[in-house]
Participant: 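First the structure, which I've put down as structure tokens, then a few questions once you've had a look.
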Amino acid sequence: MNLRRADVLAQVSDFDVRLLRLFRSVVECGGFSAAEGPLGIGRSAISQQMSDLEQRLGLRLCQRGRAGFALTEEGREVYQAALRVLGALETFRTEVNGLHRHLRGELNIGLTDNLVTVPHMRITHALARLKEQGPEVRIQIRMTPPGEVEQGVLDGRLHVGVVPQAAALAGLEYQPLYDERSLLYCAVGHPLFYADDASLDDARLNAQAAIAPTFRLPADAQAQYQALRCDASASDREGMAFLILTGRYIGYLPDHYARQWVQQGRLRALKPATRFYDLSLASVTRKGRRPHLVLESFLDALAATA
């Protein structure tokens, strides 16, 4: 089935926009029960409105029952089309609000995981300033791997993202925000945890089972991983931390993120004077984007925290 945007717009009324918003929430929460809290209505009401949407579109959007919640093939396509429709409506509202210079609308942000432990707190301060300027602004944060953040900004699902800066993707603009240092760690229970740094030569370190990230990194950071025996991988830093804390792997983590476990005596850095890499994290926006007062206000607030 090839469900074009025009097809969806032709089949939905103003009332159906509310149903599409409900459908988006159900998909992003992973089911009816999980969506009860964010939507503020009960499961039976969600089920009835989902049935209404399916009847109006003439499509079966999801499977529900004892086997759990799952989108049908048509449901996956309707979800993508709904994102485009709702995004277009939000863009329209933002542009009209911009004519009145009234700060109202949505700000959809995609973040790499575990930035909240960065000492500078620039994102937190910028969000606080934005909310002070526009109390009616709705802020939505999605924690996703860096590649998904960049793709979300490119296709318009996200207004702005924060990612580790590697090679720039065409169509995106990057603005450096933070510099962070990643060190090589092992956890209590690992054979190297109590080893003296002086006794740890590179050959011994490189022979240990290690974890590699699946997200893009600059060449100097990639070189650190190429020297290791990477037997496992993770799509984000939290996944890497989970594996390191098993005591069976070594791996790199940002020092600000690992500090809590170091202070608890659960992690230690291995040869921190030589086994490290520095990384710049940057905000990312789409080139040639349409005027968006909420986004521009957030970017201004972000720049003011430098």
Side-chain angles (χ1 to χ4, degrees), residues 17-18 20-30 34-41 79 82-164 172-178 236-238 257 281-286 289-306:
V17 171
R18 182 168 64 85
L20 288 175
R21 292 187 187 279
L22 176 136
F23 177 49
R24 179 181 66 178
S25 295
V26 169
V27 174
E28 293 179 352
C29 290
E36 287 181 285
L39 289 172
I41 58 177
Y79 172 65
L83 291 179
R84 294 193 293 271
V85 170
L86 296 174
L89 289 172
E90 180 57 33
T91 297
F92 172 79
R93 179 167 54 181
T94 299
E95 291 178 0
V96 171
N97 287 335
L99 297 175
H100 298 282
R101 307 302 297 172
H102 187 66
L103 206 55
R104 182 186 299 166
E106 291 182 352
L107 181 68
N108 298 319
I109 310 174
L111 298 181
T112 300
D113 63 322
N114 300 308
L115 292 183
V116 72
T117 53
V118 174
H120 309 300
M121 299 289 285
R122 288 186 61 186
I123 297 173
T124 302
H125 294 325
L127 290 173
R129 184 168 178 175
L130 176 67
K131 194 62 176 174
E132 181 180 355
Q133 293 173 337
E136 297 181 41
V137 170
R138 294 188 305 280
I139 299 170
Q140 300 188 47
I141 294 179
R142 299 184 185 183
M143 307 299 296
T144 57
E148 294 182 20
V149 172
E150 291 172 310
Q151 185 57 49
V153 174
L154 273 174
D155 63 26
R157 288 181 291 115
L158 299 174
H159 297 124
V160 61
V162 178
V163 296
L172 295 178
E173 294 179 339
Y174 298 80
Q175 189 65 39
L177 291 178
Y178 303 109
D236 51 51
R237 284 107 68 96
E238 185 171 4
Y257 178 48
L281 289 110
S283 64
V284 55
T285 53
R286 186 171 57 182
R289 61 185 181 273
R290 295 181 179 182
H292 190 298
L293 183 58
V294 174
L295 172 58
E296 302 308 325
S297 298
F298 172 71
L299 294 177
D300 289 344
L302 201 55
T305 64

Participant: Looking at every heavy atom in both Gly161 and Val153, which two are closest together, and how far apart are they?
Facilitator: N-CG2, 3.9 Å

Participant: Does the side chain of Ile109 come within less than 4.5 Å of Leu127's, by heavy atoms?
Facilitator: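 When only atoms from C-beta onward are counted, Ile109 and Leu127 do touch, with a gap below 4.5 Å.
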
Participant: Quick one: NZ on Lys131 to OG on Ser297, what's the gap to the nearest 0.5 Å?
Facilitator: 13.0 Å

Participant: Return the minimal non-hydrogen interatomic distance between Arg286 and Leu172, and the atom names on each side.
Facilitator: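 That would be CA-CD2, 4.1 Å.
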
Participant: Could you state the interatomic distance from NE2 (His159) to CG (Leu107), rounded to the nearest 0.5 Å?
Facilitator: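 These two atoms lie 6.5 Å from each other.
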
Participant: So which atom in Thr305 and which in Ala126 form the shortest heavy-atom distance, rounded to 0.1 Å?
Facilitator: CG2-N, 4.1 Å

Participant: Arg290 side chain to Thr91 main-chain N or O, any donor-acceptor pair under 3.5 Å?
Facilitator: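 No, because the side chain of Arg290 does not come within donor-acceptor range (under 3.5 Å) of the backbone of Thr91.
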
Participant: Report yes if some heavy atom in the side chain of Arg157 is under 4.5 Å from a heavy atom in the side chain of Glu148; otherwise report no.
Facilitator: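 Not in contact.
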
Participant: From Leu295 CG over to Leu302 CG, what is the distance, rounded to the nearest 0.5 angstrom?
Facilitator: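 Here the rounded value is 10.5 Å.
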
Participant: Atom CD in Glu150, atom CG in Leu158: separation rounded to 0.5 Å?
Facilitator: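 That separation rounds to 11.0 Å.
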
Participant: Check whether Thr285 reaches the backbone of Val160 with its side chain - one donor and one acceptor, N or O, closer than 3.5 Å.
Facilitator: no

Participant: What pair of heavy atoms forms the shortest contact from Thr112 to Pro164, and how long is it?
Facilitator: OG1-CD, 3.3 Å

Participant: Can you confirm whether Arg289 sits close enough to Glu173 that some side-chain heavy atom of one is under 4.5 Å from a side-chain heavy atom of the other?
Facilitator: yes

Participant: Before you tell me yes or no, could you show the steps for Arg142 and Glu28 under side chain to side chain contact (heavy atoms under 4.5 Å, CB included), namely the whole-Å CA-CA distance, both residues' side-chain angles and the distance that decides it to 0.1 Å?
Facilitator: CA-CA 10 Å; Arg142 299 184 185 183; Glu28 293 179 352; 3.0 Å; yes

Participant: Answer yes or no: is there a donor N or O on one side and an acceptor on the other, between the side chain of Arg24 and the main chain of Leu83, under 3.5 Å?
Facilitator: no

Participant: Which pair of heavy atoms, one from Leu111 and one from Val149, lies closest together, and at what distance?
Facilitator: N-CG2, 4.1 Å

Participant: Could you tell me whether the side chain of Tyr174 and the main chain of Val163 form a donor-acceptor pair under 3.5 Å?
Facilitator: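 Checking the backbone N and O of Val163 against the side chain of Tyr174, no donor-acceptor pair under 3.5 Å is found.
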
Participant: Let me confirm one number: the CZ-CG distance from Arg104 to Leu293, rounded to the nearest 0.5 Å.
Facilitator: 11.5 Å

Participant: When rounded to the nearest 0.5 angstrom, what is the spacing between CZ in Arg138 and CG in Asn108?
Facilitator: 9.0 Å

Participant: What are the two closest heavy atoms between Arg122 and Pro176, and how far apart are they?
Facilitator: NH1-O, 4.2 Å

Participant: Are the side chain of Glu90 and the backbone N or O of Glu106 linked by a donor-acceptor pair below 3.5 Å?
Facilitator: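 Present.
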
